[in-house]
Student: 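Before anything else, here's the structure in question.
Residue numbers start from 1 in every chain, and the chains themselves are labelled A, B, ... in the order their sequence lines are given, proteins ahead of strands. Owing to the predicted nature of the structure, the values given are computational and were not obtained by experimental measurement.
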Amino acid sequence: MSQGSGFITERYIVNGDDFHAAGSASSAMKKLLRSIGVPPEAIRRAAICMYEGEINMVIHACGGEAEVSFDGEYITIHLADKGPGIENPQLALKEGYSTATDEIRELGFGAGMGLPNMKRNSDELEMESVLGEGTTIVMKIKV
Amino acid sequence: MTIRDIRELLGAQVLCGEDNMDQVVLSACGSDLMSDVLAYVKEQSVLLTGLVNPQVMRTAEMMDMRCIVFVRGKKPDGAMLDLADSHGMVVMNTPLRMYTACGRLYAGGLKGEDA
């Protein structure tokens with residue numbers, strides 16, 4: 001973690017091997033934001049964005065990396081994976097669209113709510129995806 | 001309504017968080033789909049679910065929920081309870097089915113967020 005002059009940056013590795021462990025990075029981020037006094041409502045929105053992203057990385061991309069920063073005005077969450085990429089990013093942002101397996105649905109996810117939830121809870125969302133190379137998502141949450 | 005009231009209404013067994021039974025909760029939701037919980041729940045509340053895996057605890061943690069009630073007698077394992085306990089959540093289970101459990105809480109005065 002780097003911290004100074006009100007800025008903070010933290011990196012997290014999202015392990016793609018274990019669905020049951022998914023969420024630990026989101027949990028650590030939430031704790032960090034709370035420790036530096038970010039208001040609870042902004043923390044909750046950031047936590048939903050990060051957690052949905054983390055779940056997506058585990059379900060679809062065998063894990064990835066997350067970088068979270070706070071500059072006093074915005075929480076920025078940068079997610080990057082080396083998964084298969086998203087064939088139709090615009091379609092993936094629509095509620096109800098999902099390519100998740102039945103196994104994932106049985107675990108309570110995969111209903112096509114992940115990306116729409118991330119968009120709803122962030123003030124800005126940018127996504128770049130290249131088939132066969134991976135996906136990058138940057139979300140900004142205004143505090 | 002307090003979490004203690006919820007235990008009484010549902011005839012529930014407390015699995016962890018016994019010290020936090022007097023917390024007041026304002027709303028509840030019943031769902032087996034964690035994505036919906038993340039999408040629609042807005043305030044600190046109670047989650048009723050029949051789904052049993054660690055992501056139930058994580059979802060509740062992300063949403064700042066105070067209490068999780070497993071319906072149909074479902075019982076989380078020790079690791080799941082440790083996770084919930086570390087965040088100060090009360091976890092209970094009730095033999096009631098989802099519809100009946102939600103109905104009892106609603107009739108007892110605990111509304112959903114859209115009510």
Student: At a heavy-atom distance under 4.5 Å, which candidate from Val37(B), Asp32(B), Leu33(B) has the highest pair count against chain A?
Tutor: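 Winner by heavy-atom pair count: Leu33(B).
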Student: Hey, is CD on Glu124(A) packed in by over 12 heavy atoms from elsewhere, all under 6.0 Å?
Tutor: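 Yes, CD of Glu124(A) has more than 12 neighbouring heavy atoms, counting only those of other groups under 6.0 Å.
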Student: Give every residue pair that meets the side-chain hydrogen bond (donor to acceptor under 3.5 Å, both in side chains) criterion with at least one member in residues 78-100 of chain A, sequence neighbours excluded.
Tutor: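 Residue pairs passing side-chain hydrogen bond (donor to acceptor under 3.5 Å, both in side chains), neighbours aside: Glu95(A)-Arg120(A).
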Student: Any link between Leu110(B) and Tyr40(B) through a network of hydrophobic side chains (Ile, Leu, Val, Met, Phe, Trp, Tyr) touching at under 4.5 Å?
Tutor: no
Student: Answer with yes or no whether the hydrophobic clustering places Phe7(A) together with Tyr74(A); edges join I, L, V, M, F, W, Y residues whose side-chain heavy atoms lie under 4.5 Å apart.
Tutor: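 Looking at the clustering, Tyr74(A) is in a separate group from Phe7(A).
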Student: For Arg105(A), does the CZ atom sit with more than 12 other heavy atoms under 6.0 Å from it, leaving out its own atoms?
Tutor: yes
Student: Under 3.5 Å, sequence neighbours excluded: what are the donor-acceptor pairs made by side chains of residues 69-83 of chain B?
Tutor:
from: Asp77(B); atom 1: OD1; to: Ala79(B); atom 2: N; distance (Å): 3.2
from: Asp77(B); atom 1: OD1; to: Met80(B); atom 2: N; distance (Å): 2.9

Student: I need the residue from Gly112(A), Ser24(A), Gly114(A) with the largest number of non-hydrogen atom pairs under 4.5 Å to chain B.
Tutor: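 Greatest number of close heavy-atom pairs with chain B: Ser24(A).
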Student: Can you hop from Leu38(B) to Met113(A) via hydrophobic side chains spaced under 4.5 Å?
Tutor: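 No; tracing contacts between hydrophobic side chains, which count when under 4.5 Å, never links both residues.
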Student: Counting only heavy atoms not in Lys142(A) (residues, nucleotides, ligands), do more than 12 fall under 6.0 Å from its NZ?
Tutor: yes
Student: Mind checking which of residues 39-54 of chain A sit less than 4.5 Å from chain B, heavy atom to heavy atom?
Tutor: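 Within residues 39-54 of chain A, the residues that come under 4.5 Å of chain B (heavy atoms only) are Arg44(A), Ala47(A), Ile48(A), Tyr51(A), Glu52(A).
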Student: Determine, using the 4.5 Å side-chain heavy-atom cutoff (strictly less than), whether Val143(A) and Val138(A) are members of one ILVMFWY cluster.
Tutor: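 They do not share one cluster, since no chain of ILVMFWY contacts under 4.5 Å joins Val143(A) to Val138(A).
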Student: Do any of residues 50-61 of chain B come closer than 4.5 Å to chain A, heavy atom to heavy atom, and if so which ones, in number order?
Tutor: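 When heavy atoms of chain A are the reference, residues 50-61 of chain B contributes Leu51(B), Asn53(B), Pro54(B), Gln55(B), Arg58(B), Thr59(B), Glu61(B) within the under-4.5 Å range.
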Student: Any idea which heavy atoms bring Gly23(A) and Met62(B) closest together, and the distance?
Tutor: O-CE, 3.9 Å
Student: Between Leu125(A) and Phe70(A), is there a shared hydrophobic cluster once you connect ILVMFWY residues whose side-chain heavy atoms come closer than 4.5 Å?
Tutor: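 They do share one cluster, since a chain of ILVMFWY contacts under 4.5 Å joins Leu125(A) to Phe70(A).
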Student: Quick one: closest heavy-atom pair of Asn117(A) and Ser35(B), and the distance?
Tutor: ND2-O, 3.3 Å
